[in-house]
Amino acid sequence: MSTEDRPAAPRSLAEALRGRDDVSLGALLRSRPDLITPVPTDLTQLATRAGTRASVVRALERLDRFTLQTAQALAVAADPATYDELLGLMAGDDADPAVARALPHALGILREQALVWGGDDRLRLVRTARELLAPSPQHPSPTGLGPTVQEATAGMSPGRIQEIVTAAGLPSTHDSVSAVTSLTELFTDRRRMAALLAEAPADSLDVLERLVWGPPYGQVTADPAPRLRWLLDRGLLLPTAPGTVVLPREVALHLRRGLAHRTPEPVPPAVEAAAVHRPQVVDSTAAGQAYTALATVEELLKDWDEGGPAVLRAGGLSVRDLKRTAVALDVPEPVAAFWVELAYAAGLIAPDGEADERYAATPAYDEWLELPAAERWSRLVTAWLPATRTAGLVGGRDAKDRALSALGPGLDRSAAPEVRHRVLALLAGLPEGTAPAAESVLTRLRWERPLRGTQHEDDLRGRLAEWTLSEAELLGVTGRGALSAHGRALLGAPATAAKSPEAEPSGPGDKLPVHHRPTQVPALSATEQAVAFAAAARLLTPLLPEPLDHVLLQADLTAVAPGPLQRPLADMLGVLADVESRGGATVYRFTPGSVRRALDAGQSASDLHAFLAAHSRTPVPQPLTYLIDDVARRHGHLRVGAASSYVRCDDDAVLGEILADKRAATLGLRRLAPTVLAARTDPAGLLEGLRAMGFAPAAESAEGDVLITRAHAHRTPPRTAPEPVPDGPPVPDDTLLAAALRAIRAGDLASTTPRKPGTAPEADGELPRTGSAETLATMQAAVLTGEALWIGYVNAEGAASQRVIAPIRVEGGFVTAYDHTADEVRTYPLHRITGVAELADDAG
């Protein structure tokens, strides 16, 4: 192709964007969704928005380490730079082949994200990105390089510059500009520079060695030592402020053999294996843990069934309530905080909204209980993956040094969903049954998203990854540290190893397709997510143990459940006996108190005998039969009512025994009749007091009937699960993206279409102004000729815009036209059109 046939090089980012096709622009808007909120009116506005500081910072923070290193190298290169210059800064004099292979891909990402524009002969980093990444005394460059000779000598006297040039062995010049140019040429000439440094004293070279990789600044006294004086005289160190010197960029690059970075990292670090297990072992272990997760959440909600802990005034659980919950679940407090937060994220618990506000189960919990086990697990994982509330922060302090409590405010971290997805994706990239080394996962994540923020932010992302690994194990997504088959299904497809940069096309100027960014959360639609979670549930279902309909009764008043029990059996046994231990088998113990609890719930002794006989694979032990009959015989023998309260019994000797007991002194008892005692305490307190003394009273109604007491489940009104806090604008879907591209293209057409001379407004962006008669006549003429017109239009809200339209008809004060800006036929009131201008004949 001849020079005349080549397209003109873009003069701005807007022109570079104008030369892109819709696929390339769509890739930009997907990778930087903040650019589409709101939709830009044209490509010039899109380019302006892409160059704003907030947007550029966000884009830079989402680059992998090597791509960020490439941007940092461009920031210290000439503006514009050539591809060969950039390659030299990245690969050095030794031309590292791994860097040479990876550089086109990294440059393609920077171009795609509109951080770099221009051809390979004129690469330009967006001005805002250059300002952020270029070295300065206030903001040192990550490259460790300092200012150029020209920048460092900007305030130096001409005489001093000439002295440096002469000491460096260069001929004197007539002006400072040519002197600085001569000195720069010396420092960038490898042969001449090597000869100059060969004359340097050894201790002077030691000074350069300490500064070469940064920071490039050093302190000197008013009377520098000879080793420093030698360097200062030849410009190898240049003063920047009183007592401060800097190593010029050109000198540092010579000493570094051309490298902008000490260690370029073109290849992502591999995730190393810590252990390898058979996939079947991993899946069965994960399934067992998944079932334990369901049991733990049920136990938590059962503990809060009649109303859970009180809500703190500032929101959340108190430390004491979290400890009590941890004891009830038999887990450490951080793990208890995770289960509480998970139930909250799944919408299973919420504040009840009462005056004395407490946490309680929601109506959704009852619906959840009725689902098959695999679907209940799927609901929990569905809530966990996108949740931004981070249980690992519980017990820490926020930025204002306030304690962070479970279910309280301040636990949202928008980076959490992305880290969870990426950790699982890295695990999915390993062979089946392979558990990763945790440190290698953290190292890989740091490469994929090198932190440019504070050390605290860096630590948070590392902790998020560690919490993800432990939480995935608790939930049964992983087993023995390796991703399970149902865990892989959660990602939407079988995992494949992530592409490495060396697998990409090489060579300057390659047009790279849009690649999956390791730092992006997989963009699954709602339908795809539902399919993925359903597939995970299907894979998990055959691995879960079938609920049993029996227990093993033993002579020591215990029952052993060798596995999970069917819900009616488990519920009834939970009333009749106390859980003594959990594990592979659950051990229940029968006590007088637990049997009385079953009788209080309305069961009779014969009901209990029949229940045990029906559900035990072993004969009912005689001690258990005696225990039930003995408690039943005494149950209801005493009656408690309200006088404030009273006790009545047909056996006056029993009442005498109660009065004689010293423990009854606090109850305020006195005999009203041979078979009746009155008490000052209320009926509930009297019941508890008598039971503490070893009696088994029953409450009675005002009519004298025995009251059957049952636990009443407390539920909140319908509640929605907490919404995750988004990490910036969401990635646009295909429909929004197509509409945005159409609007941007049309708006750009309206703003860039040539107008006939004399018809366009003088100021750029100003609406055309014509009289109503001229507007009407031009419109009518355009209907006959079929020509397109450029109009200014003000809508009912007062918003002004420029549009390119092709009038179809004009009647009744309205013009009907095909609007190129909106890409549809519209009707406009003529009185809202500010003016009209004809387009140039060659427009298009």
Side-chain angles (χ1 to χ4, degrees), residues 273-301 329-331 335 338-339 342-343 345-346 348 368-385 420-421 423-428 430-436 467-495 529-550 560-567 569-570 581-586:
V276 179
H277 310 283
R278 288 190 303 110
Q280 295 84 351
V281 172
V282 170
D283 292 345
S284 60
T285 303
Q289 189 56 46
Y291 193 87
T292 301
L294 297 178
T296 304
V297 173
E298 287 185 40
E299 187 67 22
L300 168 67
L301 272 297
L329 298 180
D330 194 23
V331 295
V335 178
F338 167 69
W339 292 121
L342 179 64
L348 304 181
W368 180 77
L369 279 178
E370 299 304 318
L371 296 174
E375 290 187 30
R376 281 186 282 136
W377 176 85
S378 178
R379 290 280 184 93
L380 294 181
V381 178
T382 303
W384 172 69
L385 272 176
R420 286 194 199 103
H421 279 87
V423 168
L424 294 183
L426 289 176
L427 267 60
L430 296 172
E432 292 185 2
T434 302
W467 293 332
T468 297
L469 292 172
S470 61
E471 290 168 3
E473 193 75 14
L474 286 172
L475 277 170
V477 175
T478 59
R480 301 196 179 186
L483 193 64
S484 62
H486 48 276
R488 290 175 187 272
L490 293 174
L491 302 180
Q529 289 177 353
V531 170
F533 286 118
R538 282 196 303 272
L539 290 173
L540 179 62
T541 298
L543 301 174
L544 293 175
E546 286 291 334
L548 303 176
D549 63 352
H550 65 274
V560 177
L565 299 178
Q566 293 178 353
R567 185 164 306 283
L569 173 58
S581 66
R582 298 183 184 276
T586 303

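Rounding to the nearest 0.5 Å places CG of Leu294 at 10.0 Å from CD of Gln289. Arg420 contributes atom CZ, which lies 10.0 Å from atom CH2 of Trp467 (distance to the nearest 0.5 angstrom). Between the CH2 atom of Trp339 and the OG1 atom of Thr296 there is a distance of 5.0 Å, given to the nearest 0.5 Å. Distance check: Glu432 CD to His277 NE2 gives 14.0 Å after rounding to the nearest 0.5 Å. Separation of atoms CG (Leu544) and OG (Ser284) is listed at 11.5 Å; rounding is to 0.5 Å. Atom CD of residue Gln529 and atom CG of residue Leu491 lie 11.5 Å apart, to the nearest 0.5 angstrom.
Within the structure, the salt bridge (Lys or Arg N to Asp or Glu O under 4.0 Å) test picks out no pair touching residues 273-284 (sequence neighbours left out).
Ser378 places no side-chain N or O within donor-acceptor distance of the main-chain N or O of Ala374, the cut-off being under 3.5 Å. Looking at Arg488, its side chain does come within 3.5 Å of a backbone N or O of Ala428 through a donor-acceptor pair. The backbone N or O of Val276 lies less than 3.5 Å from no partner atom in the side chain of Thr434, so there is not a single donor-acceptor pair.
Nearest heavy-atom pair across Val282 and Ser484 is CG1-CA, 4.0 Å. Residues Gly481 and Leu427 share a closest heavy-atom pair of O-CD2, 4.0 Å. Of all non-hydrogen atoms in Leu430 and Pro436, the two that sit nearest each other are CD1-CB, 3.7 Å. Of all heavy-atom pairs between Leu548 and Leu569, the closest is O-CD2, 3.9 Å. Nearest heavy-atom pair across Ala293 and Leu474 is CB-O, 3.7 Å.
By the 6.0 Å contact criterion, CG on Asp549 is enclosed, its count of non-hydrogen atoms from other residues, nucleotides or ligands being greater than 12. Within a 6.0 Å sphere centred on CZ of Arg376, other residues, nucleotides and ligands contribute more than 12 heavy atoms.
Between Tyr291 and Leu540, the closest side-chain pair of non-hydrogen atoms is not below 4.5 Å. Between Trp368 and Leu301 there is no side-chain heavy-atom pair separated by less than 4.5 Å. Residues Leu424 and Leu385 meet the side-chain proximity criterion, which asks for heavy atoms closer than 4.5 Å.
Partners of Trp377 by ring-ring contact (aromatic ring centres under 6.0 Å, His included), not counting sequence neighbours, listed by chain and number: His486. In this view, Glu471 and Trp384 satisfy the side chain to side chain donor-acceptor pair (under 3.5 Å) rule, not counting sequence neighbours.
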Intermediate values then yes/no, side-chain contact (heavy atoms from CB on, under 4.5 Å), Leu380 and Leu348: CA-CA 10 Å; Leu380 294 181; Leu348 304 181; 4.2 Å; yes

